[in-house]
A.B. asks: 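The following block contains the structure, expressed as structure tokens.
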Amino acid sequence: SCQTLSGEKAMSSKFSAEATLADLESEMKSKLSWLQLEFVCENGTVDKSEPLKAYNTLSAKEVTISGGDNFKIDRTTCRRCGGNDIWRQRFTEWCQMNGDAGGHWKSTCRTCGLH
């Protein structure tokens with residue numbers, strides 16, 4: 001089970017004996033609506049491929065993803081999955097006679113499909 005710093009229960013899940021921290025990460029992202037997180041123990045940051053059973057206590061913190069702009073496009077890192085295979089393109093929506101033009105940017109994560 002997961003608890004907040006104040007001791008309140010945040011979520012609870014059951015995992016197989018072979019479950020890894022990546023499995024826990026996926027569950028936490030889904031249930032807690034966190035976009036990206038990092039696990040930390042007494043020795044620092046941990047590898048998400050490690051088995052859950054290797055830890056009695058573990059801390060997770062939500063990581064803020066930078067690189068977006070006011071229009072919420074992802075430039076280098078996906079805010080949902082943390083992947084770095086991002087396609088982006090600028091679309092022109094209008095053009096004036098004097099040459100001024102405007103439009104918007106669109107980004108798509110090629111890992112998870114977030115638009």
Side-chain angles (χ1 to χ4, degrees):
S1 68
C2 297
Q3 297 179 338
T4 64
L5 291 175
S6 63
E8 296 176 43
K9 187 175 182 177
M11 64 167 263
S12 180
S13 294
K14 293 187 180 193
F15 294 96
S16 69
E18 296 82 29
T20 64
L21 292 174
D23 298 321
L24 176 59
E25 176 188 41
S26 178
E27 188 78 2
M28 289 177 75
K29 284 180 176 180
S30 173
K31 287 189 175 182
L32 301 177
S33 299
W34 285 9
L35 300 176
Q36 189 171 4
L37 61 108
E38 182 177 86
F39 292 108
V40 181
C41 69
E42 295 171 354
N43 300 328
T45 304
V46 298
D47 181 2
K48 294 176 186 170
S49 65
E50 294 184 49
L52 276 175
K53 62 184 176 184
Y55 298 93
N56 289 325
T57 303
L58 190 65
S59 296
K61 63 179 183 177
E62 187 173 17
V63 177
T64 304
I65 299 173
S66 61
D69 60 16
N70 293 337
F71 299 104
K72 304 296 184 216
I73 70 160
D74 297 324
R75 296 188 183 278
T76 57
T77 304
C78 175
R79 65 180 159 256
R80 177 194 289 161
C81 73
N84 59 6
D85 188 7
I86 305 291
W87 170 88
R88 37 180 204 148
Q89 185 173 358
R90 185 175 190 273
F91 293 91
T92 303
E93 294 179 329
W94 56 269
C95 183
Q96 293 181 343
M97 295 296 286
N98 67 0
D100 289 346
H104 69 277
W105 282 91
K106 179 179 178 178
S107 67
T108 303
C109 175
R110 291 182 176 147
T111 304
C112 72
L114 178 68
H115 293 279

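What you are looking at is a predicted structure, and each value in this text was computed from that prediction instead of being measured. One is the number of the first residue; the rest follow in order along the sequence.
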A.B. asks: Taking all atoms of both residues into account, what is the closest heavy-atom pair of Leu37 and Ala60, and its distance?
C.D. replies: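 Result for this residue pair: CD1-CB, 4.2 Å.
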A.B. asks: I'd like to check the side chain to side chain donor-acceptor pair (under 3.5 Å) partners of Ser26; sequence neighbours left out, ordered by chain and number.
C.D. replies: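 Applying side chain to side chain donor-acceptor pair (under 3.5 Å) to Ser26 gives none.
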A.B. asks: Quick one, Val40 and Val46 - any side-chain contact, counting heavy atoms below 4.5 Å?
C.D. replies: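 They are not in contact (no side-chain heavy atoms under 4.5 Å apart), so the answer is no.
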A.B. asks: Under 3.5 Å, side chain of Lys31 to main-chain N/O of Ser13, donor-acceptor pair present?
C.D. replies: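 No, Lys31 side chain to Ser13 backbone: no donor-acceptor pair under 3.5 Å.
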A.B. asks: Who are the salt bridge (Lys or Arg N to Asp or Glu O under 4.0 Å) partners of Lys106, not counting sequence neighbours?
C.D. replies: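 For Lys106 there are no salt bridge (Lys or Arg N to Asp or Glu O under 4.0 Å) partners, ignoring immediate neighbours.
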A.B. asks: Which side-chain N or O atoms in residues 83-91 pair as donor and acceptor under 3.5 Å with protein atoms at least two apart or in another chain?
C.D. replies:
none

A.B. asks: Would you be so kind as to tabulate the donor-acceptor pairs closer than 3.5 Å made by side chains of residues 92-101, with sequence neighbours excluded?
C.D. replies:
| from | atom 1 | to | atom 2 | distance (Å) |
| --- | --- | --- | --- | --- |
| Glu93 | OE2 | His104 | ND1 | 2.7 |
| Asn98 | OD1 | Asp100 | N | 3.0 |
| Asn98 | ND2 | Asp100 | OD2 | 3.3 |

A.B. asks: Which residue pairs pass the salt bridge (Lys or Arg N to Asp or Glu O under 4.0 Å) test with at least one member in residues 13-26, sequence neighbours excluded?
C.D. replies: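 Every salt bridge (Lys or Arg N to Asp or Glu O under 4.0 Å) pair that includes a residue of residues 13-26, provided the two are not neighbours, is Glu25-Lys29, Glu25-Lys48.
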A.B. asks: Using distance only, find each side-chain donor-acceptor pair of residues 51-59 under 3.5 Å and give its atom names and separation, not counting sequence neighbours.
C.D. replies:
| from | atom 1 | to | atom 2 | distance (Å) |
| --- | --- | --- | --- | --- |
| Tyr55 | OH | Glu50 | OE1 | 2.7 |
| Tyr55 | OH | Glu50 | OE2 | 3.4 |

